[in-house]
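Indexing begins at 1, ligand by ligand and atom by atom, following the structure's order. A quick note: this is a predicted structure, and the numbers were derived from the prediction, not measured.
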Amino acid sequence: MREKLVAGNWKMHGSLSENKALLDAIIPQLADLSRASCAVCVPFPYLFQAQAALQSGNISLGAQNMSQHEKGAFTGEVSASMLLDFGCKYVIVGHSERRALYGEDDATVAAKFVAAQKAGLTPILCVGETLEEREANITEQVVARQLDAVLAVAGVAGLAKSIVAYEPVWAIGTGKTASPEQAQAVHAFIRGKISAASAEIAAGLVIQYGGSVKAANAAQLFSMPDIDGGLIGGAALSADEFVAICRAAQQG
Ligand code: PGA
């Protein structure tokens, strides 16, 4: 059976004092999870703080973005090896905000995916359609295109050491969650697509759902057969919400 993974994506939120309060609240409450794992993906300046705090407990650390380059004249960028230096296990690549606001195309996202794995990080690859694309009935085409870009450079074997997060753009930060059935349909499509290349890798692939997950809807989403946890934005900033979502993954 696949273990579920709940990862908090703090986005550009937090401060030293807010982070301390949040981490102090969640770490002891999540110390006993066995059937699910949890991570927090924090802004770069707080990696050191989070790394130190997460020494105790069993929550993993992640970042929200990275450069596709190993090192060099890339002012303002952060490399995979720098993230490893600060204890990161995960890095989100291709979040829809990066794609839409910072012009990251499929090829760039794929290059980041490969660079993350090469350095020893586990990429959380975000895919998902916009509202216009859903209404035009091209959700599967969009998700397939986003996956194909990664498969082309990483091969299906690359997917074996990664997490995929299905995040319909229309559900992110809008309070409009995809219904469990809507999400399950796309998750099954993703698993089916990977299965065509390797049934074994597809069966083991953790596919998270992201987009307005909260304590009140997590259990229903996580009970679907192909939904293996979640990538949590807004609700990850509340200790009570995040802990409850992680508990739902533990039970589901
Ligand atoms: P949300 O964000 O939970 O606030 O919708 C999810 C994400 O962007 O990863």
Would you mind running through ligand 1 and noting each atom that sits below 4.0 Å from a heavy atom of [X]?
{"X": "Leu231", "result": "6 (C), 9 (O)"}
{"X": "His95", "result": "7 (C), 8 (O), 9 (O)"}
{"X": "Ala171", "result": "5 (O)"}
{"X": "Glu167", "result": "6 (C), 7 (C), 8 (O), 9 (O)"}
{"X": "Lys11", "result": "2 (O), 7 (C), 8 (O)"}
{"X": "Gly173", "result": "1 (P), 4 (O), 5 (O)"}
{"X": "Gly211", "result": "5 (O)"}
{"X": "Gly234", "result": "1 (P), 3 (O), 4 (O)"}

**Prompt:** Distance-only, no hydrogens or angles: does the Ser223 side chain make a donor-acceptor pair with backbone N or O of Gln220 under 3.5 Å?
**Reply:**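 Yes, Ser223 side chain to Gln220 backbone: donor-acceptor pair under 3.5 Å.
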**Prompt:** What is the nearest protein non-hydrogen atom to atom 3 (O) of ligand 1, stated with its residue, atom name and distance?
**Reply:**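 Here the closest protein heavy atom is Gly233 N, 2.9 Å.
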**Region of Asn9 that comes within reach of ligand 1 [heavy atoms, distance under 4.0 Å]** =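 Just the side chain.
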Looking at [Y] and [X], is any side-chain nitrogen of the basic one under 4.0 Å from a carboxylate oxygen of the acidic one?
{"X": "Glu104", "Y": "Arg98", "result": "yes"}
{"X": "Asp105", "Y": "Arg99", "result": "no"}
{"X": "Lys193", "Y": "Glu140", "result": "no"}
{"X": "Lys4", "Y": "Asp228", "result": "no"}

**Message:** Counting only nitrogen or oxygen atoms and a 3.5 angstrom limit, does Thr174 reach ligand 1?
**Reply:**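 It does not: no N or O of Thr174 is found under 3.5 Å from an N or O of ligand 1.
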**Request:** Report the residues that fulfil ring-ring contact (aromatic ring centres under 6.0 Å, His included) with His95, sequence neighbours left out, ordered by chain and then residue number.
**Result:**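 None.
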**Item:** Glu200 atom CD, over 12 foreign heavy atoms within 6.0 Å
**Value:**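 It does not: Glu200 CD has 12 such atoms or fewer within range.
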**Message:** Under a 3.5 Å cutoff, is there a donor and acceptor pairing between the side chains of Asn19 and Gln49?
**Reply:**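 Yes, a side-chain donor-acceptor pair sits under 3.5 Å.
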